Amino acid sequence: MDSTLRDGEQTSGVSFVPHEKLMLARVLLRDVNVDRIEVASARVSEGEREAVKMICRYAQMAGMLDRVEVLGFVDKGKSIDWISGCGGKVINLLSKGSLKHCMQQLGKTAPEHIFDIRREVEYAHSKGMTVNLYLEDWSNGMKNSPDYVFQLMEGLKDCGIKRFMLPDTLGVLDPLSVSQFFVKMVDKYPDIHFDFHAHNDYDLAVANSLSAVLAGAAGLHVTVNGLGERCGNAPLSSVHVILTDHFNAVTNINENRLNEVSRVVESYSGIPVAPNQPIVGENVFTQVAGVHADGDNKDNLYCNALAPERFGRKREYALGKSSGKANIEMNLQELGLELTPEQVKKITQRITELGDRKERVTQEDLPFIVSDVLKHSAPDSEDNVKLLGYMVSLAYGIKPIASIKIAVNGKEYTGDATGDGQYDAFVKALRQIYSDKLGRTLPDLLNYAVTIPPGGRTDALVQTVITWQQGTNIFRTRALDADQTQAAINATFKMLNIIEKK
C-alpha cells in the first residue's frame, strides 16, 4: 500500500494540490500498479476534500475504487461521513496501539477505547465501507505494554475489520524486534491480515519491512522516494527490489515505471532525490572508475541483478580523472564517434586534466572536448608562443585591467592594459606586446562565439570559437574551459601559434 499522498505529504514543506494528487494516484494505480493507495486524512481541509473526490471519481470509473483508502479518526462518525461524502469506500481508522497513547492522549482506558472503535466500525459498515485499523504506536505498545495490545486485539478481532495495520510510528524498532513482535501477533491470530508500516528514524525502514514479511506480515506500507514524517517511510522502489531479487517474492509492481513515478513525485514535492538513492538516484547506474567500464566491456564483470533497463534507465560511464580510457571509449561509442587509440589517449589526458581541476565533465561536453583536442593539437612540436602568467581584474565602476607575461620563441615579454571586459583587456595587453616590443600586427578578430552544452549547469564547459582575419586569410580557433575568459585566452594562443609557425 502506497501512502505517498497521505503519510508522504507529512514530509516537512510538502503539500500536493488536488490535481497533483489525482495525477499521482493515476500513475500509482494504473502505471506502477500498487495494490492500494492511501490518499488523504479526513477532515483536514477543503483542498483535501476536493482531491479525494477527484481520485474517487477516477477510481470508480476505472473499477479501482476499492484500492483507494483514506485515513480516518475515532470521532463519532465525522470522518466516516466525510469520506463517504467524497465517494470513498475504504477507511483506515486510526486507533491507539500503546497504553501510553491511549491513556495520555485520549484519557481513556482500554475497554473504553475498544467500545468507541467498535461503534465506529459498526457505523462505517452501515455506510457500506470497508474498515482497516491502524494500531498507532504499536511498536512501543509491544515493547512497553503488550498486554494492552492483545487486549485491544481480543476486543476487536471479531468486528469485521479487514486489515490490522501495525505501525512503527516512531521508527524505534530493529529487524530482530520486528520479527519477534510479528511472530507473536501471527501465532496468536493466524487468520488475521496484518500490514506493517515502517518509519526510517534509524535508517532501518527497508530492513524492518523485510523482517516483517519474513515473520508473516501480509502487507507493507511504502512511499515513493521514502517521503514521510521526520526521516520518512520505506521507499517503494527499494522494498520491491529486495523482496523480488533476494527472496523471490511476487509483487504486482511494474518496476519499469518506478523511475518515472519517482521523478513525478520529486517534481511535485520539491524534495530532490539523493543522487545515490538506490534504484531511482541520478548516479546509481553510473560507473566512475575506468576499471569498472573495462570490466563491463569484458562480460559485464561489474554488473549485478539491478540492470538499469529493468527500471527504464540505462547504464552510464562518468567522465573525470578516474574514468580512464574504457569510460571514454564507452561514451564515444554512445555518441557514434570512432577514434584511433592515439586520439582516445589525448582525449583521456584532457579529461583527466579537467578532473584534477575539479571540473565536472558530462557526455554533453564530450563532443566539445573531442573537437578541441583533435582540431587544434600540435603533437609534432612545442608551442612557439606560451602564456607564462596573467592577472585580470573585474570591479564595479572600474574598467577591467589585465597584466600578462608571455614567451615568444623562448624570450619573455610583459604587458598591461585596460579594456571594456576581461578578455578585451587581455587582448589589448597582448597587442601592446606585439606592436611595441615585436613590431608586429596581430590578426583582426572578426567573430567571437560562445557555446555551452545543454543542461544549464553553471559549471558547464564553455566552448569559445574565434574567427580571425590576417590579410586575406580567414581562420578559426576554438578552445574549451569551464571559465569563459580562460577558454577565449586558450583560443587566442592557438591563433598566436598558428601565425608564429607560418
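A quick note: this is a predicted structure, and the numbers were derived from the prediction, not measured.
Heavy atoms only, all atoms of each residue included: S98 and D137 are closest at OG-OD2, 2.8 Å. Of all non-hydrogen atoms in V206 and S238, the two that sit nearest each other are CG2-CB, 4.0 Å. Among all heavy-atom pairs drawn from V90 and D66, the shortest one is CG2-O, 3.7 Å.
Between the side chain of N200 and the backbone N or O of L204, at least one donor-acceptor pair lies under 3.5 Å. S139 places no side-chain N or O within donor-acceptor distance of the main-chain N or O of V172, the cut-off being under 3.5 Å. Side-chain atoms of E9 come within 3.5 Å of backbone N or O of F16 as a donor-acceptor pair. Not a single donor-acceptor pair under 3.5 Å links the side chain of K21 to the backbone N or O of I55. Side-chain atoms of S211 come within 3.5 Å of backbone N or O of P175 as a donor-acceptor pair. Within the 3.5 Å criterion, the main-chain N or O of E136 finds no donor-acceptor partner in the side chain of T169. Here the side chain of R6 pairs no donor or acceptor atom with the backbone of I37 at under 3.5 angstrom. With hydrogens and angles ignored, the 3.5 Å screen pairs no side-chain donor or acceptor of S179 with any backbone N or O of L176. Looking at S84, its side chain never comes within 3.5 Å of a backbone N or O of I80 through a donor-acceptor pair. Checking side-chain atoms of S95 against main-chain N and O of Y134 turns up a donor-acceptor pair under 3.5 Å.
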- N132 and R36: CA distance, side-chain angles, deciding distance, side-chain contact (heavy atoms from CB on, under 4.5 Å) verdict: CA-CA 12 Å; N132 304 316; R36 302 139 54 202; 4.2 Å; yes
- Evaluate the side-chain contact (heavy atoms from CB on, under 4.5 Å) criterion for residues L236 and L258: first the C-alpha distance (whole Å), next the side-chain angles of each, then the deciding distance (0.1 Å), finally the verdict. CA-CA 8 Å; L236 164 63; L258 290 174; 3.8 Å; yes
- Test side-chain contact (heavy atoms from CB on, under 4.5 Å) applied to T223 and V265, step by step: CA-CA 10 Å; T223 60; V265 170; over 6 Å; no
- Check against side-chain contact (heavy atoms from CB on, under 4.5 Å), D75 and E120: CA-CA 8 Å; D75 55 8; E120 212 77 21; 3.4 Å; yes
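Interatomic distance, NE2 of H240 versus CD of E255, reported as 4.0 Å (0.5 Å rounding). Atom CG of L133 is separated from atom CZ of F164 by 6.0 Å, given to the nearest 0.5 angstrom. Rounding to the nearest 0.5 angstrom, the gap separating the CE atom in M185 from the CG atom in D187 is 11.0 Å. Atoms CD and NZ, on E69 and K162 in that order, are 8.5 Å from each other to the nearest 0.5 Å. For the atom pair K108 NZ and D116 CG, the distance stands at 3.5 Å (nearest 0.5 Å). Atom CZ of residue R67 and atom CG of residue D2 lie 11.5 Å apart, to the nearest 0.5 angstrom.
Salt bridge present: E266 and R263 bring a charged side-chain N and a carboxylate O closer than 4.0 Å. For the pair K143 and D168, the salt-bridge criterion is not met [side-chain N within less than 4.0 Å of a carboxylate O]. Salt-bridge check for R119 with E122: failed, with every basic side-chain N at 4.0 Å or more from each acidic carboxylate O.
For R26 and Y58, the positive end sits near the middle of the six-membered ring, less than 6.0 Å away and at most 45° from its axis.
At a cut-off of 3.5 Å, with distance as the only test, a side-chain donor of S262 or N225 sits close to an acceptor on the other residue. Residues S45 and E48 bring no donor and acceptor atom of their side chains to less than 3.5 Å of each other. Side chains of H221 and D195: a donor-acceptor N/O pair is present below 3.5 angstrom, by distance only.
The one candidate from F182, F150, F194 that meets the ring-ring contact (aromatic ring centres under 6.0 Å, His included) condition with W138 is F182. Checked options N33, V27, L28, V32; the residue passing with R257 is V32 (criterion: side-chain contact (heavy atoms from CB on, under 4.5 Å)).
L306 pairs by the side chain to side chain contact (heavy atoms under 4.5 Å, CB included) definition with V241, D245, I279, F285, N304, R310, F311, not counting sequence neighbours.
By the 4.5 Å heavy-atom criterion applied to side chains, I83 and V52 are not counted as neighbours. You'll find the side chain of V462 stays beyond 4.5 Å of the side chain of D481, heavy atoms only. Side-chain contact between R43 and F73 is absent, with no heavy-atom pair separated by less than 4.5 Å.
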